[in-house]
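Take a look at the structure below.
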Amino acid sequence: MSKRRSITLAAIAAAIAIAIGIFLSFAIHWFPVQASAQAHNTDRLYHILMIASIPIFVLVVAVILYSVWQFRMKPGEELTDGPPIHGNTRLEVFWTAIPAILMLGMVGYSFVILHDNEKRPAHEIQVGVTGQQFYWSFQYPPSVTGGAEINSYDLYLPDNESVYFNMRSKDVIHAFYIPAFRLQDDVVPGITTHYLATPDRVGTYPVVCNLLCGVGHSLMRTTVHVVTPTQFRAWINSQLHASSSSTGKFSTVRGSSG
Amino acid sequence: MEAASIANAPAHGGHGHGAGDHHGPPPANHSSRVEAPLLGMMLFIISEVMIFGAFFTAYFFIRIAEGNPWPAPGMHLPVPVAGVNTAILISSSFTLHWAEKSIKHGNRFAFKAGMFTTFMLGCTFLFIQINEYANIGFAPQDHAQQTIFYSLTGLHGAHVFIGLLILLSVTVRAFRGHYSPESHRGVEVPGIYWHFVDIMWIVVYTSVYIL
Amino acid sequence: MAAKLRAPGFYRAGWLMVAGVGFATLLTWLVRMSTGHATFHHFLSGEAVLTVSLLAVPLAFLVGIGGFDYWFYWATGRPTRPEDHSGHGAHTWKDYFRINTDHKVIGVQYLVNSFFFLLVGGLLAMLMRAQLAQPGSHFVSANTYNGLFSVHATILIFLFMVPVFAGFGNFVIPLMIGAPDMAFPRLNALSFWLLPVAGIIMMLSFLAPGGAFADGWTAYAPLSTDAPVGQMFFSIGVQFAGASSIMTALNFLVTIITMRAPGMSFFRLPLLVWANFATSLLVVIATPFIAASQFFVLLDRALGFNFFNAAKGGDVLMYQHIFWFYSHPAVYIMILPGFGIISEVIAVKSRKPIFGYRMMAFSLLAIVGLGFTVWAHHMFTSGMANWIRIPMSITTAIIAVPTGIKVFSWLATLWRGILHLDTPMLFALGFITTFTLGGISGIMLAMVPFDIHVSSTYFIVAHIHYVLFGGSLMTIFAGAYYWFPKMTGRMYDERLGKWHFWTTFVFMNLTFGPMHVLGLEGMPRRVATYAAQFADLNMWISIASFALGLSTLLFIYNMVNSWRGGPRAEANPWRGMTLEWLVSSPPPVFNFDRVPTVVGGPYEYGVPGAVHGILAPTPAPVVAAGSGMAHAPS
Ligand code: HEA
Ligand code: HEA
Ligand code: CUA
Ligand SMILES: [Cu+2]
C-alpha cells in the first residue's frame, strides 16, 4: 500500500472513530436526570468538553496505531536505525499553541457556565442545611415559612424557584451533594458555605454526603423532594402546624425520610 | 595517623577514600564549582525554609484569614526578654563567624574559643526560651493563637537544639585538634546551618512578637 | 553474642527497639507526672506510649542497623573507620538486608521493597473490590473498609510510586552520568532503610485499637484529629517516608549537579536524568509541607493543640491548603520520572533521536513550576473563597500544554522510526494511550462547573487510576523490563512479558473505565456500600479487578523466575547509547574503571558514526590527586 493511501485510510478511520465517540457521548445517558437549571448548563459543558477531547484522544491513539502498523520493525531491519530527525520548530510551536488556545477557550467557556450557575436571581428562598455524623437536617427560616423557623429532617423545595443553601456542620466536614442538580459543596465546621440551586423538575432525588466523615459516611443519604409551589406551601403549613402543637420552640419532625 | 583520617573524612559522607586506596572507584569528575557538601546543605536549607513556610502558612491562616486578634486577649508576650534573647542568638552568629575565620588563618585558640562561645550562647538562648515557656502563663491548648505561638517558637527551638548538637560535635572535634586552615569544611557546613537558624529566628521574632 | 549485639545489624536493632519502647514509656510517664493530676488522670496511658513509641522505635531500629554509625563516629571526633569499600557491592542475598552504600544495591533494595508494597497495596484493593462487589455487602465492616482504602492509597503512593522511581533513579542515574556512585552514599543507605520502617508502621496500623487509619490518604482534619489512635500510624509513617524522599532528592540533585562525567553538559543528559532532576526539585520544595500538615494533626490529636479546632479559632481549610500544596506536586513526583523512563524506551525502541530534546527538558521544568500553582483544584468544592477557583482553574488547564508537548514529541519520535515492539515498548505505547485518557479526564476536572458535579465521586477514582495505574505504573513496568537485563544480568521471558502487557492493559481499562460512568451518575467515592442503582457496574468492576490482580502475578513470576534462571544478558541488549549500556550487565562494583567521556547527545540514533560516551582512556580529568577529597578540588 502506498504511503499516501495508508495515511488516508488512517485518517478516515480516525474520523469515523471521532464521529462514533461524539455520537455515543450524546446518545448514552451518562447522568442522572436533570432536575435543576444548573444541571442543563453543566451537562452542556460536559458535551462541549467531550467534543473537544475525543478528537485529541483519537488523534493520539491513531498515531500510535498507525506507527505500529507502518513502522514496526520488519525482518532484516534488526540493526538499522531510523532517520535522525531531531525536531521541527514549526511543528513544536504548533502543538504548543493549539492546545494553549484550546485550553483557554475551554476554561473561558467553563467560567461562563459557572457564572450562569451562580448568578443570584431577583427572588430566592433561603434554606439552612446542617450536617452532622451521620444525618442531615434542614432549617426553613421565617422568611420562607411566614411563621416560626422550621427544623426538619426532610428537604422539600418548590419547583422553579431558586434556593440558596446555607450549610453548617456540627462536627467534621461533610459535603452536601445532589447529583440530579449537579451541585455540591463541602459543609465545614466553623464556617457557613453556600450554593444556589434552581430546581426545575418535580420529583424526588437522592441527596448524599460526599465527603468522608467517618464510619457512617456511606449511609449518610437522604432525598430531596421537588414539589409544586402549592404543595410546598402545604408542606410548610403542615410543619408549622406540627411545631405549634409541640411544646418546644422548634419542632424536630422526623419525616418518613427516604 | 589521625590527621590523615581527618583529611579523608569529608564533612557529610563524601567518598572518604584515601589517596593510597587502590581498590576504590575511580575519582568522580567534578562537574560543578560548588562542592557537594555545601550544595547539599544549601538544598537542605531550602527544605527547611519550606517547613517554616508551612508553619507560617498556618500562622497566616490563623491570624489573618481567620482574623483572630493578635495577641489573643490575655496572651502577654514577653517582648523585651525575647528581644534580649534575640540579641544573644545573633551574637552567636558573629562568634561563629569569628571561629570560622580563625581556623582559616590557623589560629587554633581563637577557633576553639569561638566555637565554645557560640555553643554557650546557643545554650543560653534555649535555656531562656524554655524558661519563657514555663512562665508565660498560657498553654498551646488554650486557643489557636497560643497554638501557633508555641508551634512557631517550638519549631525554631527544635532547630536550635539540633544546631546545638551539631555545634557540640564541632566543638568537641575542635578541642581534639581536628580541622586545619586547609581542611575546615566540617566547620563551614554546620556553620551555614547555624546562620540559617539565626536568620529564621529573626523572622519568627518579628512576626510573632513584634508585628 | 555480645559482639553481635554491639555490631550494627538486626540483633543490635532488636534490643535497641525494646529499649525504645522503654524510653517511650519512661518519657510519657515523666511528662505526665510533671504536669500533674490536674491535667492527667493516669500517668501511664497506652495511647501516649504507643504514639511516642511510633517515633522512638523506628529511630532505634535505624541506629541499630547502623544507619548513623559513621556520623556518630565523626561527631564525637573518633577516627572514622577507614573506608575499605566493604559496604559496596552485594555478594550474597544477605547483603541486601544490610546497610549498603553501593547505589546499585540500594537501587535494587528500593525496587524490591517497592514491588513488595505494590503487592500489599494491591491485595488491599482486592479486599475492597470484594466488599464493593454488591451493595449492602458485609464482607468487611464500614470501619475496616475505610481503613482498607486509606492504607491502600497510602502504601501505594508513599511506599510504591514515590520510592520505586527513586529505585530506578538510584540504579541508573550514576551510571548514566558517568559517576562511580551517588554523592552521599551513606545518606542514600539511610534513606532506603526509612522506607520499610514507614511501610511496616502503616501495615501495623490494622492492629491498632480502633482499627487502621480510616480517613483516606488525605486525612482531612478535623476527622483525623479526633480519630482513633490508628491515625497516628499515618501521621508518623508519612514522616519517615517523607524524610526518605527528601534525602534521596538531595542526593540526586547534588549527584547530578556535581558528578557528571567530563563532556556531560546539561543538554547532553539523558531525559531520565532530567526527569529526576525536575522531580527532586519538587520533592525538596514540596515535601516539607506534608510533614508540617501531619505534625499539626499529630499535635492536635495527641496534645490538644488547636490548629484545626474551629471552636477555638483554628482553621479547617488550612489543612487542605497545606496538604494539597504538597500533594498536588506529589502527583507530578509520581509521573515525571515515568516520563523520563518513557523517553528512554521510546527513543531506543524506535531507533530515532528524541523529537525536540530541549523542549522535552523545558517542559519538565514548566510542569515543576506550574505544579506549585494549582493545588486548590482539589478544593473547588471545599468552601474556600470563590475567587481562588478562577486562577487555579486556569493554571491547571495550562498544564495540559507542557504535558501535551511531551506526548506529541513521543508520537513524533515514533513517526518513521523502526519500532521494536517488545515488552518495554508495548508498555510505553500503552502508557501514552491510558495516560492521555487520564490526563484528559484531569482537564475536565479542571473545569469548575463540571468538577462541582463529579468531585469526590468515582469519576475521581477513575482519574486517579488512569493517571497512576495507566500512567505511572505502566512506566514502571516499562522501566522494569527495560533495565532488568542491566540490573540482574539476565533476560526476562519476552512471551510472558507480552502476556503481562496485554492482560494488564485490557483489564486495567475494564476495571477503571466503567468508574467514569459511575462517577457521572453520582456514586460517591470512599463508601463502604452504595445505592442499588450502581450494583451492576460495580460487580463488573470487581470481576475485572480480580483479573487485573492476577495479571500482576504474571509480572512477579516473570521477574523472580528470570532473575534466578533467565538466559545471561549481554552488556547492551537494546543497542542503547546512554552510558549505562557501556558497562557489563550487571555493572561492575565501581561502575567504571575510569570515568567515561561524553562526546555527543544521548539519543543520536541513525546519525552515522555518532557516539554518546567513550570509555577509552582519556586525558584524565583534572583531579587534585591525593587530596583525599576525591571529587572536590579546593
Ligand atoms: C500521577 C498522578 C496524577 C497526574 C499526572 C494528574 C494529572 C492531572 N490531574 Fe489529577 N489527580 C490525581 C493524580 C494525578 N493527576 C489524584 C491521585 C487525584 C485525587 C486525589 C484525591 O482526592 O484523593 C487527582 C485529582 C485531580 C483533581 C481534583 C478533582 C477533585 O477532587 O474534585 C483535578 C482537578 O482539576 C485534577 C486535574 C489534573 C490535571 C489537569 C492533570 C494534568 O496534569 C494532566 C495533563 C495531561 C494531559 C492533558 C494529557 C496529555 C496532553 C495532550 C495529549 C495534549 C492535548 C490535550 C488537551 C489540549 C486537553 N486531578
Ligand atoms: C498509587 C497507585 C494506585 C494503584 C496501583 C491502585 C491500584 C488499584 N486500586 Fe486504587 N487508589 C489509589 C491509588 C492506587 N490504586 C488512591 C490514591 C486511591 C484514593 C484513596 C482515597 O480515597 O483515599 C485509590 C482508591 C481506590 C478505590 C476507591 C475506594 C473508595 O473510594 O471507596 C478503588 C475501588 O475500586 C481502588 C481499586 C484499585 C484496584 C482494583 C487496583 C488494582 O490495580 C490493584 C491490582 C492488584 C495488584 C497490583 C496486586 C495483585 C496481588 C495479588 C492478587 C495477591 C498478592 C499476594 C500477596 C501479597 C500475598 N482504588
Ligand atoms: Cu457526612 Cu460523609
Ligand atoms: Cu492535583
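The basis for the numbers below is simple: all heavy atoms, side chains too, and nothing from hydrogens, waters or symmetry mates. The chains referred to below are lettered A, B, ... by the order of the sequence lines, with proteins before strands, and numbering in each begins at 1.
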(message) Before you tell me yes or no, could you show the steps for A:H86 and C:V607 under side-chain contact (heavy atoms from CB on, under 4.5 Å), namely the whole-Å CA-CA distance, both residues' side-chain angles and the distance that decides it to 0.1 Å?
(response) CA-CA 10 Å; A:H86 285 91; C:V607 182; 3.9 Å; yes
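- With a 4.5 angstrom heavy-atom cutoff, C:L414 touches chain A via backbone and side-chain atoms both.
- Of the residues A:V107, A:L114, A:I113, the one that meets the side chain to side chain contact (heavy atoms under 4.5 Å, CB included) test with C:M447 is A:V107.
- The two residues A:D81 and C:G606 make their nearest non-hydrogen contact at OD2-N, 3.3 Å.
- Taking the six-membered ring for Trp and the full ring otherwise, A:W30 and C:F450 have centroids separated by 6.0 Å or more.
- Only the backbone of C:D451 comes within contact range of chain A, judged by heavy atoms closer than 4.5 Å.
- Listed options A:P179, A:P99, A:A100, A:A52 were ranked by heavy-atom pairs under 4.5 angstrom with chain C; first place goes to A:P179.
- For C:N143, the parts lying near chain A are the backbone and the side chain together; criterion is any non-hydrogen pair under 4.5 Å.
- Using a 4.5 Å cut-off between heavy atoms, A:N88 touches chain C through backbone and side chain atoms alike.
- Neither the backbone nor the side chain of A:I98 comes within contact range of chain C, judged by heavy atoms closer than 4.5 Å.
- Neither the backbone nor the side chain of C:T218 comes within contact range of chain A; no heavy atoms are under 4.5 Å apart.
- When heavy atoms are compared at a cutoff of 4.5 Å, C:A528 approaches chain A by way of both its backbone and its side chain.
- Contact of C:F149 with chain A is made through the side chain alone, with heavy-atom distances under 4.5 Å.
- For A:E78, the part sitting under 4.5 Å from any heavy atom of chain C is the backbone (N, CA, C, O) and nothing else.
- When heavy atoms are compared at a cutoff of 4.5 Å, C:R416 approaches chain A by way of both its backbone and its side chain.
- Only the side chain of A:T193 comes within contact range of chain C, with heavy atoms under 4.5 Å apart.
- Only the side chain of A:L91 comes within less than 4.5 Å of a heavy atom in chain C; its backbone stays farther off.
- Residue pairs satisfying the side chain to side chain donor-acceptor pair (under 3.5 Å) criterion with at least one member in residues 53-67 of chain A, sequence neighbours excluded, are listed as follows: A:S6-A:Y66.
- Highest contact tally toward chain C, considering only A:L219, A:T89, A:L183, A:L49, is held by A:L49 [criterion: heavy-atom pairs under 4.5 Å].
- Contacts between A:L45 and chain C at a heavy-atom distance below 4.5 Å involve the side chain alone, from C-beta outward.
- When A:I173, A:N117, A:V61 are compared by the number of non-hydrogen pairs under 4.5 Å with chain C, A:I173 comes out ahead.
- For C:T529 against A:R221, the heavy-atom pair with the smallest separation is O-NH2, 3.7 Å.
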(request) Show your reasoning for whether side-chain contact (heavy atoms from CB on, under 4.5 Å) applies to C:M444 and A:M50. (result) CA-CA 9 Å; C:M444 296 174 72; A:M50 289 311 272; 3.8 Å; yes
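- Of all heavy-atom pairs between C:A310 and A:G190, the closest is CB-CA, 3.6 Å.
- Taking the six-membered ring for Trp, A:Y46 and C:H453 have ring centres at least 6.0 Å apart.
- Under the 3.5 Å distance criterion, the side-chain polar atoms of A:Q184 are matched with a main-chain donor or acceptor of C:I452.
- With a 4.5 angstrom heavy-atom cutoff, A:Y177 touches chain C only via side-chain atoms.
- With respect to chain C, the highest number of heavy-atom pairs below 4.5 Å among A:V188, A:D116, A:T192, A:L79 belongs to A:L79.
- Residue contact with chain A, scored on non-hydrogen atoms closer than 4.5 Å, is absent for C:R358.
- Only the side chain of C:L317 comes within less than 4.5 Å of a heavy atom of chain A; its backbone N, CA, C and O stay farther away.
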(message) Walk me through whether A:F111 and C:W387 qualify under ring pair (Phe, Tyr, Trp, His ring centres under 6.0 Å).
(response) CA-CA 11 Å; A:F111 289 155; C:W387 66 266; over 10 Å; no
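- For C:A531, the parts lying under 4.5 angstrom from a heavy atom of chain A are both the backbone and the side chain.
- Qualifying ring pair (Phe, Tyr, Trp, His ring centres under 6.0 Å) partners for C:F267, counting only residues two or more places apart in sequence or in other chains: C:W274, C:F362.
- Closest approach of A:S110 to C:P449, counting heavy atoms only: O-CG, 3.4 Å.
- The residue among A:T80, A:I28, A:L102, A:I191 with the most heavy atom pairs within less than 4.5 Å of chain C is A:T80.
- Proximity to chain C is absent for every atom of A:A175, based on heavy atoms less than 4.5 angstrom apart.
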(request) Given side-chain contact (heavy atoms from CB on, under 4.5 Å), test A:L59 with C:F408 step by step and report yes or no. (result) CA-CA 10 Å; A:L59 177 80; C:F408 295 132; 4.3 Å; yes
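- Inspection of non-hydrogen atoms places C:T433, C:T436, C:L437, C:I440, C:I443 of residues 433-443 of chain C under 4.5 Å from chain A.
- When the heavy atoms of residues 203-213 of chain A are compared with those of chain C, the residues falling under 4.5 Å are A:V208, A:C209, A:N210, A:L211, A:L212, A:C213, listed by number.
- Note: A:F71 leads A:F57, A:Y195, A:F71, A:F181 in heavy-atom pairs under 4.5 Å with chain C.
- For C:Y220, the part lying near chain A is the side chain, with the backbone staying farther off; criterion is any non-hydrogen pair under 4.5 Å.
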(request) Step by step, work out the side-chain contact (heavy atoms from CB on, under 4.5 Å) result for C:L223 and A:Q133. (result) CA-CA 11 Å; C:L223 187 60; A:Q133 290 168 328; 3.9 Å; yes
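- Heavy atoms closer than 4.5 Å to chain C are found in both the backbone and the side chain of A:V68.
- Across C:A412 and A:W95, no two heavy atoms sit closer than the pair CB-CH2, 3.8 Å.
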